[in-house]
Amino acid sequence: GQNADVGAGKVTSEGTVRDADAGSGQGRRLAALAGFVALAFVPTLGAVVARPDAWYQGLAKPSWNPPPWVFGPVWTLLYATLGLAAWRVWRRSGWSRPLAWWGLQLLLNAAWTPVFFGLHLLGASVVVIAALWLALATTVASFARVDRIAAWTLVPCLAWVTFAAA
């Protein structure tokens, strides 16, 4: 049947989306995936300028607060899945509004560490993490319209941010 262009994909006459790069090399797809995963790790740069210190150790934390060693492995997995999900959406819809939401949540994620750990601004960090949660929830919803697997891939990150904000 006929095909209509839609972003980086094509919609067939049956209404399904076919990846625009379906015929190109696997190397290009893997390079794009690596790029999205690398972009997803940009928020870790905040840890270069702001890390948990004596101030954080002195804060009253709930009994269910995880030990410090948990955060590195959890965020590593979450950032990798953020990159994978964005790549899946990009392959289907190109540079689209869902990826703008993805970028916004990355920026907010990157802002939180220096605001909280670096500047010790509790009120501002609550505003940032609330905005992060909203941007991430909107990203999940917008990804679901393009690729449900990509959306579900983000749910653990949304759950972790919810847990961290509690």
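Hydrogens, waters and symmetry mates play no part in the numbers below; they use all other heavy atoms, side chains included.
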Considering all heavy atoms, the nearest [X]-[Y] contact:
{"X": "P114", "Y": "A110", "answer": "CD-O, 3.0 Å"}
{"X": "L99", "Y": "G94", "answer": "CD1-O, 3.3 Å"}
{"X": "A150", "Y": "V89", "answer": "CB-CG2, 3.8 Å"}
{"X": "P156", "Y": "L78", "answer": "C-CD2, 3.8 Å"}
{"X": "A137", "Y": "L158", "answer": "N-CD1, 4.0 Å"}
{"X": "A32", "Y": "W87", "answer": "C-CD1, 3.6 Å"}

Output yes when a side-chain donor or acceptor of K61 lies under 3.5 Å from a complementary backbone atom of P66, and no otherwise. no
Check: T81 main-chain N/O paired with T153 side-chain donor or acceptor under 3.5 Å: no
Single-linkage hydrophobic cluster, 4.5 Å side-chain cutoff, [X] and [Y] together:
{"X": "L134", "Y": "F116", "value": "yes"}
{"X": "V127", "Y": "V161", "value": "no"}
{"X": "W102", "Y": "L77", "value": "no"}
{"X": "L119", "Y": "V126", "value": "no"}
{"X": "Y79", "Y": "V70", "value": "yes"}

If you round to the nearest 0.5 Å, how far is [atom2] of [Y] from [atom1] of [X]?
{"X": "T139", "Y": "L104", "atom1": "OG1", "atom2": "CG", "value": "7.0 Å"}
{"X": "R97", "Y": "R145", "atom1": "CZ", "atom2": "CZ", "value": "10.0 Å"}
{"X": "D147", "Y": "S142", "atom1": "CG", "atom2": "OG", "value": "11.5 Å"}
{"X": "R28", "Y": "L33", "atom1": "CZ", "atom2": "CG", "value": "13.0 Å"}

Classify the angle between the aromatic ring planes of W160 and F163 as parallel (below 30°), tilted (30 to 60°) or perpendicular (above 60°). tilted
Applying side-chain contact (heavy atoms from CB on, under 4.5 Å) to V115 and W112, what does each step give before you reach the verdict? CA-CA 5 Å; V115 169; W112 187 83; 5.7 Å; no
Passing option when P43 is tested against T113, L107, L106, L132 for side-chain contact (heavy atoms from CB on, under 4.5 Å): L106
Ring-ring centroid check W75 F71, cutoff 6.0 Å: no
Give a yes or no on whether the ring-centroid distance for F143 and W101 is below 6.0 angstrom. no
L84 and F36, any side-chain heavy atoms less than 4.5 Å apart: no
Any non-hydrogen side-chain atom of Q105 less than 4.5 Å from a side-chain atom of L82? yes
Counting only heavy atoms not in W55, do more than 12 fall under 6.0 Å of its CH2? yes
